[in-house]
Engineer: 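To start, I am sharing the structure in question, which I have written as structure tokens.
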Amino acid sequence: MDRRYRLKKSSDFQRVRNTGKTYTHPLFVLIYVPNTTMQTHIGVAAGRSIGNAVQRNRAKRRLRACIQPWLKQLIPGVDIILIARKPLLTASYDHLAKALAKALQINHILTDEEYAS
RNA sequence: CAGGUCGGUCGGGCGAUUGCGGUUCUGUGAACACAGGACUGAGGAAAGUCCGCACUCCAAAGAGCAUGGCGCCGGGUAACGCCCGGGGUGGGGUAACCUGCCGGAAAGGGCCACAGAAACAAUACGCUGUACUAACUUUUUUAGUGCAGUAAGGGUGAAAAGGUGGUGUAAGAGACCACCGGCAUCUACAGUAAUGUGGAUAGCCAGGUAACCCCCGUCAGGAGCAAGGCUAAACAGGGACAAGUGCGUAAGCAGGGAAGUUGCUCGCUUCCUGAUAAUUCCGAGUUCCGGGUAAGCCGCGUGAGGUGCGUGAAAAUCGUGCCCAGAGAGAGAUGAUCGCCCAGACAAAUGACAAGGAAACCGGGGAUGUUUCCGCCUCGUUUGUUGGACAGAAUGCGGCUUAUAGACCGACCUGGCCG
RNA sequence: GCCCCAGUAGCUCAAUGGACAGAGCAGUAGCCUUCUAAGCUAUUGGUUGUGGGUUCGAAUCCCGCCUGGGGCG
């Protein structure tokens with residue numbers, strides 16, 4: 001995932017978490033809110049409860065790898081935060097990819113839903 | 001062959017598809033962005049942040065005190081609380097080997113609960129002598145009080161004042177004697193030294209604790225890359241606080257005041273040292289408070305760097321040759337999905353070796369030998385299943401500590417068998 | 001990343017190196033009350049975060065880990 005499309009500032013994270021809509025799944029938490037810049041930003045986070053530094057990094061990498069194929073089909077102008085949860089470390093890739101795709105469809109963030117389905 | 005000890009090395013490999021960070025090249029295009037290519041991208045502990053340095057800022061990094069660390073000896077180093085070698089003194093192991101401790105308790109202070117007579121000293125449980133009193137009364141003995149002597153005795157305790165035996169005495173005591181042990185001073189030899197082995201002298205006054213204070217020696221100025229420097233933007237043009245004197249025309253000097261020196265003092269550095277009749281106003285600063293910005297660049301990787309050879313008892317210690325192209329993020333890159341292989345583990349089949357067991361034979365009998373069958377363990381081959389731990393750079397190094405599936409190499413020890 | 005601090009009963013806190021580590025609240029049982037609350041009495045509950053060391057003796061002193069918390073530009 002290119003660095004341009006990432007959510008960076010701490011204040012941005014605070015804004016999205018305070019004003020955004022939340023969708024909870026056993027593997028992750030998805031928070032999103034529309035912005036005014038027509039540019040998509042995605043932030044990935046993993047808390048201390050996930051484990052040590054290796055496990056936190058792995059969780060974030062897997063989430064980035066899963067969101068990668070959907071980048072071009074997202075509605076422009078949305079800020080998204082993905083927060084990893086503990087079972088994500090042991091889940092298979094297929095399981096995680098399907099769960100994430102379903103989450104994106106339900107929340108109507110994709111531009112072309114027929115292609116996505 | 002089995003079990004173990006010590007030291008060292010490695011800590012999965014190759015490929016495909018698709019992504020990310022860094023450097024660089026090419027093309028398009030106005031800055032600057034986009035597209036494509038090439039090279040490259042975590043560790044032995046990157047961890048804990050426990051020590052030591054480099055580096056940066058505090059004017060320079062000065063003195064004394066305080067505070068803190070360290071503490072047998074020698075060597076190494078930029079330095080260390082680290083490493084190597086040696087010494088003393090305990091503990092564990094059959095052994096190889098592992099492991100605790102290390103200046104001073106005769107400079108001084110404190111503490112040593114309970115128990116005990118007493119915890120370093122005497123208002124003495126006891127023992128002995130003696131005077132007096134009382135009981136009984138033939139002597140004796142017993143009890144109490146006073147005086148004097150005593151650390152031998154029992155028992156207490158973690159610990160009881162050199163030990164054993166004797167002389168001696170009213171009872172006792174290194175008071176004296178013999179042997180043994182420890183300490184101090186002087187001294188000879190060996191060793192760079194710690195120290196070791198001897199000799200002489202007088203003495204036993206000298207319990208433990210310094211991870212209690214302390215004394216001696218030695219080291220340390222403080223803060224930390226969010227250090228610090230530059231650029232841009234933004235807010236504000238704020239509030240608090242002292243001295244306010246003398247000489248001099250003035251500059252300045254002296255005195256005074258504020259701040260800094262990340263504890264204190266000295267020293268040093270910076271700044272201030274005015275008005276008014278009066279209330280009062282003014283009043284510096286690298287000070288304090290309050291407010292604002294959290295964007296970019298540098299610091300930032302050639303370094304106490306790797307590696308071969310030599311030197312050395314050893315310490316990647318020193319000397320020397322060669323190679324340096326190869327991580328530098330900033331919500332923080334090195335990933336995701338597969339395929340093949342390789343250590344290793346388990347199961348099955350099969351082969352080799354074979355502790356041993358059974359039967360038969362040779363032989364008068366035994367030791368022993370020969371043949372056949374069964375065969376723990378170990379190793380090899382094939383097939384199947386499974387299968388790689390601890391863990392992620394964030395200024396950089398030297399150590400320490402802690403976590404870690406396993407694999408390999410070398411040296412040594414113990415036991416069994418064979419020659 | 002760098003630098004600090006703390007850990008004692010279920011909770012909040014005490015304890016000069018010295019006997020079985022205390023106090024309040026909470027819990028349990030009893031008394032009181034028609035019943036409950038309040039009150040009174042008794043009682044339960046601790047590897048002093050953990051592993052070593054110093055000491056005759058450690059919650060306390062020293063060292064290593066674990067867990068939790070705080071600060072900075």
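These numbers come from the heavy atoms of this one structure, side chains and all, not from hydrogens, waters or symmetry mates. Throughout, protein chains are lettered first and strands after them, A, B, ... in sequence-line order, and every chain is numbered starting at 1.
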Engineer: Work out how far the P atom of C235(B) is from that of G292(B), and round it to whole angstrom.
Structural biologist: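 So the two P atoms sit 12 Å from each other.
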Engineer: How close or far is atom P of A389(B) from atom CD of Gln55(A), stated in whole angstroms?
Structural biologist: 12 Å
Engineer: Tell me: CG of Asn57(A) to P of A47(B), nearest whole Å?
Structural biologist: 14 Å
Engineer: Considering only side-chain heavy atoms of Val54(A), which listed nucleotide, U337(B), A333(B), A391(B), is closest?
Structural biologist: A391(B)
Engineer: Using a 4.5 Å cut-off on heavy atoms from C-beta on, say whether the side chain of Val44(A) contacts that of Ile67(A).
Structural biologist: no
Engineer: Across all strands shown, which nucleotide pairs with A220(B) by Watson-Crick or G-U wobble geometry, both distances under 3.5 Å?
Structural biologist: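 With both distances under 3.5 Å, A220(B) matches U67(B).
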Engineer: Please state whether the phosphate of G332(B), meaning OP1 or OP2, lies under 4.0 angstrom from any side-chain nitrogen or oxygen of Arg64(A).
Structural biologist: yes
Engineer: Does Arg56(A) CZ have over 12 foreign heavy atoms under 6.0 Å away?
Structural biologist: yes
Engineer: Would you kindly give the CZ-to-P distance between Arg58(A) and G332(B), to the nearest whole Å?
Structural biologist: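 Atom-to-atom, Arg58(A) to G332(B), this comes out as 18 Å.
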Engineer: Using atom P of each nucleotide, how far apart are A29(C) and U36(C) to the nearest Å?
Structural biologist: 12 Å
Engineer: State, with a plain yes or no, whether a side-chain heavy atom of Leu88(A) is found less than 4.5 Å away from one of Leu63(A).
Structural biologist: yes
Engineer: A403(B) and U231(B): how far apart are their C1' atoms, nearest whole angstrom?
Structural biologist: 46 Å
Engineer: For the pair made of CG in Asp94(A) and P in U337(B), what is the distance, rounded to whole Å?
Structural biologist: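 Asp94(A) atom CG is separated from U337(B) atom P by 9 Å.
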Engineer: For A277(B), give the paired nucleotide (Watson-Crick: N1-N3 plus N6-O4 or O6-N4; G-U: N1-O2 and O6-N3; both under 3.5 Å), or none.
Structural biologist: none
Engineer: Say we look at A333(B) and G21(B): how far apart would their C1' atoms be, to the nearest angstrom?
Structural biologist: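 To the nearest whole Å, 4 Å.
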Engineer: Keeping the roles fixed (side chain from Arg62(A), backbone from Ala91(A)), state whether a donor-acceptor pair exists under 3.5 Å.
Structural biologist: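 Checking the backbone N and O of Ala91(A) against the side chain of Arg62(A), a donor-acceptor pair under 3.5 Å is found.
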Engineer: State the pairing partner of C379(B); accept Watson-Crick or G-U wobble contacts with both distances under 3.5 Å, and report none otherwise.
Structural biologist: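 Partner of C379(B): G351(B).
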Engineer: Any chain of hydrophobic side-chain contacts (each under 4.5 Å) joining Tyr23(A) to Leu100(A)?
Structural biologist: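 Yes, Tyr23(A) connects to Leu100(A) through the hydrophobic network.
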Engineer: Round to a whole Å and report the spacing from CG of Leu63(A) to P of U337(B).
Structural biologist: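 These atoms are roughly 12 Å apart.
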Engineer: Nearest-nucleotide wise, let me know which of Gly43(A) and Ala91(A) is further upstream toward the 5' end of RNA chain B.
Structural biologist: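 Going by which nucleotide is closer to the 5' end, it is Gly43(A).
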Engineer: Starting at the 5' end of RNA chain B, which residue's closest nucleotide do you reach first, Ala53(A) or Ser92(A)?
Structural biologist: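 So the residue in question is Ser92(A).
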Engineer: Could you tell me whether the side chain of Arg58(A) reaches within less than 4.5 Å of the side chain of Ile50(A), counting heavy atoms only?
Structural biologist: no
Engineer: In this structure, how many angstroms lie between the C1' atom of A336(B) and the CG atom of Leu88(A), rounded?
Structural biologist: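 That distance rounds to 13 Å.
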Engineer: Could you tell me the Watson-Crick or G-U partner of A405(B), where both distances fall under 3.5 Å? Say none if there is no partner.
Structural biologist: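 Because no pair has both required distances under 3.5 Å, A405(B) counts as unpaired.
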Engineer: When you check the glycosidic angle of G174(B), does it come out syn, meaning within 90° of 0, or anti?
Structural biologist: syn
Engineer: Distance check needed: A333(B) C1' versus Gln68(A) CD, whole Å only.
Structural biologist: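 That distance rounds to 14 Å.
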Engineer: With syn defined as a glycosidic torsion within 90 degrees of 0 and anti otherwise, which applies to G301(B)?
Structural biologist: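 Judged by the O4'-C1' to base torsion, G301(B) sits in syn, the angle falling within 90° of 0.
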Engineer: Counting only side-chain nitrogens and oxygens, does Arg56(A) get under 4.0 Å of the OP1 or OP2 atom of A331(B)?
Structural biologist: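 No, because none of the side-chain N or O atoms of Arg56(A) sits under 4.0 Å from OP1 or OP2 of A331(B).
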Engineer: Which base, if any, makes a Watson-Crick or G-U wobble pair with U185(B), both distances under 3.5 Å?
Structural biologist: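 A200(B) is the nucleotide pairing with U185(B).
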Engineer: Heavy atoms only, 4.0 Å cut-off, all strands: where does Arg62(A) land among base, sugar-phosphate and nothing?
Structural biologist: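 Sugar-phosphate: the residue Arg62(A), judged by heavy atoms under 4.0 Å, touches backbone atoms but no base.
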Engineer: Report yes if a side-chain nitrogen or oxygen of Arg6(A) is closer than 4.0 Å to either non-bridging phosphate oxygen (OP1 or OP2) of G332(B); otherwise report no.
Structural biologist: yes
Engineer: Under a 3.5 Å distance rule, please check whether Asn52(A) uses its side chain to pair with a backbone N or O of Gln55(A) as donor and acceptor.
Structural biologist: yes
Engineer: Using the P atom as the point on both nucleotides, what is the distance between A95(B) and C186(B), in whole Å?
Structural biologist: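 43 Å, rounded to whole Å.
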Engineer: Using O4'-C1'-N9-C4 for purines and O4'-C1'-N1-C2 for pyrimidines, with syn meaning within 90° of 0, is G44(B) syn or anti?
Structural biologist: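 Syn, since the glycosidic angle lies within 90° of 0.
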Engineer: Can you tell me the pairing partner of A113(B) across any strand shown, Watson-Crick or G-U wobble, with both distances under 3.5 angstrom?
Structural biologist: none
Engineer: Is the shortest heavy-atom distance from the side chain of Ile31(A) to the side chain of Arg17(A) under 4.5 Å?
Structural biologist: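 Yes, at least one pair of side-chain atoms sits under 4.5 Å.
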Engineer: Which nucleotide, if any, forms a Watson-Crick or G-U wobble pair with C14(B), using both distances under 3.5 Å?
Structural biologist: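 C14(B) is paired, partner G339(B).
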Engineer: Using the P atom in both, what is the distance from A175(B) to G153(B), to the nearest Å?
Structural biologist: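 Taking atom P in both A175(B) and G153(B), they lie 16 Å apart.
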Engineer: By the rule that syn is within 90° of 0, classify the base conformation of C205(B) as syn or anti.
Structural biologist: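 Nucleotide C205(B) adopts syn.
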Engineer: Rounded to whole angstrom, note down the C1' distance from C82(B) over to C219(B).
Structural biologist: 16 Å
Engineer: Is the glycosidic angle of A42(B) within 90° of 0, making it syn, or outside that range, making it anti?
Structural biologist: syn
Engineer: Only pairs with both distances under 3.5 Å count, Watson-Crick or wobble alike; so what is the partner of A121(B) in this structure?
Structural biologist: none
Engineer: I'd like the P distance from U48(C) over to U60(C), given in whole Å.
Structural biologist: 10 Å
Engineer: Atom CG of Asn52(A) to atom P of A45(B): distance rounded to whole Å?
Structural biologist: 19 Å
